[in-house]
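These numbers come from a predicted model, not from an experiment. Atoms within a ligand are numbered from 1 in the order they appear, just like the ligands themselves.
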Amino acid sequence: MRLKGKVAVITGGARGIGRATALRFAEEGAHIGIVDRDRESGEAAVREITSRVTGPENGWRTPLFVQADVTKRDEAQQAVAKIHERFRRIDVLLNNAGIVLDAQLAKMSEEQFDAVVSVNLKGTFNCTQAVAPIMIAQGSGRVINVSSIVGLYGNFGQTSYAAAKAGVIGMTKVWARELGRKGICVNAVAPGFISTDMLNGVPEKVLHQLNGKIPLGRMGRPEELAGVYVFLASKDADYINGAVLTVDGGMIL
Ligand code: NDP
């Protein structure tokens with residue numbers, strides 16, 4: 001078990017990559033706090049993890065779901081406080097909650113722009129600011145920020161998403177400098193195309209074309225991201241700080 005006894009906060013952990021990661025972290029022995037908007041899917045995630053992960057006899061504790069919108073500062077603060085109260089420490093924050101609302105520049109509304117920046121960028125800021133004092137007091141911690149290859153290379157129709165995900169990389173580098181000296185490593189992961197509900201709106205033809213651009217010839221699976229997050233949260237990544245790790249099957253070589 002690579003994360004035995006660690007406490008991990010996973011935003012957007014009710015579905016998709018976040019949910020797969022919550023399950024994998026739990027399998028690696030971590031105590032999990034899931035922060036997400038939807039109570040039904042959050043509680044379903046907790047049920048799934050509890051039914052699939054064995055080992056309470058080793059001190060493993062049932063995951064805690066906290067319903068919160070990461071764009072709301074007070075909700076993010078309260079969610080972190082609840083998880084800290086329950087598990088008494090926080091070792092890992094995975095800033096995974098994210099949305100896309102795509103439109104070409106000429107057609108993108110102010111609401112679309114604000115919503116995407118609010119979840120992906122400000123939500124990451126809100127949660128990290130809530131967790132940082134706890135990690136500083138502990139003298140240790142890991143923050144993993146979920147960016148996207150779109151934040152590195154841009155993508156047609158994704159002004160708001162590219163802005164937010166590039167911003168996440170900028171904040172990662174600032175926090176790696178600010179928090180590194182406090183024993184906290186901050187890194188970003190830039191996934192390529194991963195098969196989750198987030199890709200539901202992408203037409204089949206476009207998905208097929210995308211596959212053709214990926215040297216590995218296929219989309220990634222949520223579990224393949226989860227393994228990377230385990231690595232970054234584990235002792236094996238002790239000296240990685242301020243990095244941006246692409247996990248995209250070689251798409252943006
Ligand atoms: P999903 O849409 O499958 O899951 C995202 C989760 O985040 C959902 O549970 C969603 O809740 C939650 N969420 C959204 N907004 C908020 C909010 N304001 N507060 C709390 N929770 C929220 O996405 P993926 O699993 O595909 O993506 C996870 C992360 O990976 C995102 O940051 C995404 O940008 C990034 N990524 C994904 C890629 C992909 O191809 N899938 C590629 C590159 C990056 P709800 O059910 O309420 O919407």
* To do: Start with the C-alpha gap between Asn126 and Thr71, add the side-chain angles, then the distance that decides, and say whether side chain to side chain donor-acceptor pair (under 3.5 Å) holds.
  => CA-CA 7 Å; Asn126 285 342; Thr71 67; over 6 Å; no
* Any N/O pair Asp69/ligand 1 closer than 3.5 Å -> yes
* Around atom 25 (O) of ligand 1, find the nearest protein heavy atom and jot down its residue, atom name and distance. => Ile17 N, 2.8 Å
* For ligand 1, is any non-hydrogen atom under 4.0 Å from Thr11's backbone (N, CA, C, O), its side chain (CB onward), both, or neither? -> neither
* So, does Glu75 use its side chain to make a donor-acceptor pair with the main chain of Asp69 at under 3.5 Å? -> yes
* Run the numbers for me: atoms of ligand 1, each under 4.0 Å from some heavy atom of Ser147, listed by number. => 44 (C)
* Please determine if Asp197 and Arg15 form a salt bridge, counting it only when a charged side-chain N lies under 4.0 Å from a carboxylate O. => yes
* **Derivation and outcome, salt bridge (charged side-chain N to carboxylate O under 4.0 Å, His left out), residues Glu48 and Arg19** => CA-CA 10 Å; Glu48 185 197 3; Arg19 183 162 173 165; 2.9 Å; yes
* To do: Check each atom of ligand 1 against the heavy atoms of Phe193 and keep those under 4.0 Å away; list them by number with element.
  => 40 (O)
* Mind checking whether Ile194 has an N or O less than 3.5 Å away from an N or O of ligand 1? -> yes
* Val119-ligand 1 polar pair, N/O distance under 3.5 Å -> no
* Can you find a side-chain donor-acceptor pair between Asn96 and Thr11 that sits under 3.5 Å? -> no
* Identify the protein heavy atom lying closest to atom 10 (C) of ligand 1, giving its residue, its atom name and the separation to 0.1 Å. => Asp36 OD1, 3.6 Å
* Asked: Taking the non-hydrogen atoms of Gly192, is any one of them nearer than 4.0 angstrom to ligand 1?
  -> yes
* Asked: Heavy-atom contacts under 4.0 Å between Leu199 and ligand 1: side chain, backbone, both, or neither?
  -> side chain
* Structure fact -> Note: heavy atom closest to atom 2 (O) of ligand 1, options Arg15, Lys72, Gln67, belongs to Arg15
* Charged N-O contact under 4.0 Å between Glu224 and Arg221 -> yes
* **Proximal candidate to atom 31 (C) of ligand 1 [heavy atom criterion; set Asp38, Ile34, Asn96, Val146]** => Asn96
* Asked: Going through the checks in order, is the salt bridge (charged side-chain N to carboxylate O under 4.0 Å, His left out) test met by Arg142 and Asp238?
  -> CA-CA 9 Å; Arg142 296 285 165 85; Asp238 270 357; 2.4 Å; yes
* Asked: Would you say Ser41 has any N or O atom under 3.5 Å from an N or O of ligand 1, going by distance alone?
  -> no
* Structure fact -> So the atoms of ligand 1 within less than 4.0 Å of a heavy atom of Thr196 turn out to be 3 (O), 24 (P), 25 (O), 26 (O), 41 (N)
* **Test of proximity, Val70 against ligand 1: N or O pairs below 3.5 Å** => yes
* Identify which of Ala45, Gly12, Ala76, Ala68 has a heavy atom lying nearest to atom 20 (C) of ligand 1. => Ala68
* Provide, to 0.1 Å, the distance between atom 5 (C) of ligand 1 and the closest protein heavy atom, together with that atom's residue and name. => Gly98 O, 3.9 Å
* To do: Find all atoms of ligand 1 within a distance of less than 4.0 Å from any non-hydrogen atom belonging to Ile99, and give their numbers and elements.
  => 14 (C), 15 (N)
* Is the side chain of Asn155 donor-acceptor paired with the backbone N or O of Val150 at a distance under 3.5 Å, no angle test? -> no
* Is the closest N or O pair between Tyr161 and ligand 1 shorter than 3.5 Å? -> yes
* Has the side chain of Asp36 got a donor or acceptor atom that lies under 3.5 Å from a matching backbone atom of Gly13? -> yes
* Structure fact -> For Ser148, the ligand 1 atoms with a heavy-atom partner under 4.0 Å come out as 43 (C), 44 (C)
* Asked: With no hydrogens and no angle check, do the side chains of Asn95 and Thr128 hold a donor and an acceptor under 3.5 Å apart?
  -> yes
* Between Arg37 and ligand 1, is there a nitrogen or oxygen pair with a distance under 3.5 Å? -> yes
* At under 4.0 Å between heavy atoms, which part of Lys165 makes contact with ligand 1: side chain, backbone, both or neither? -> side chain
* Asked: Roughly how far apart are Ile194 CD1 and Met219 CE, rounded to 0.5 Å?
  -> 9.0 Å
* Provide, to 0.1 Å, the distance between atom 37 (C) of ligand 1 and the closest protein heavy atom, together with that atom's residue and name. => Met198 SD, 3.8 Å
* **In one Ile/Leu/Val/Met/Phe/Trp/Tyr side-chain cluster, 4.5 Å: Val70, Val146** => no
* Mark yes or no for whether Asn241, through its side chain, and Cys185, through its backbone, hold a donor-acceptor pair below 3.5 Å. => no
* Structure fact -> ligand 1 to Gly16, heavy atom cutoff 4.0 Å, flagged ligand atoms 3 (O), 25 (O)
* Could you go step by step and tell me if Phe25 and Val92 meet the side chain to side chain contact (heavy atoms under 4.5 Å, CB included) rule? -> CA-CA 10 Å; Phe25 271 37; Val92 184; 4.0 Å; yes
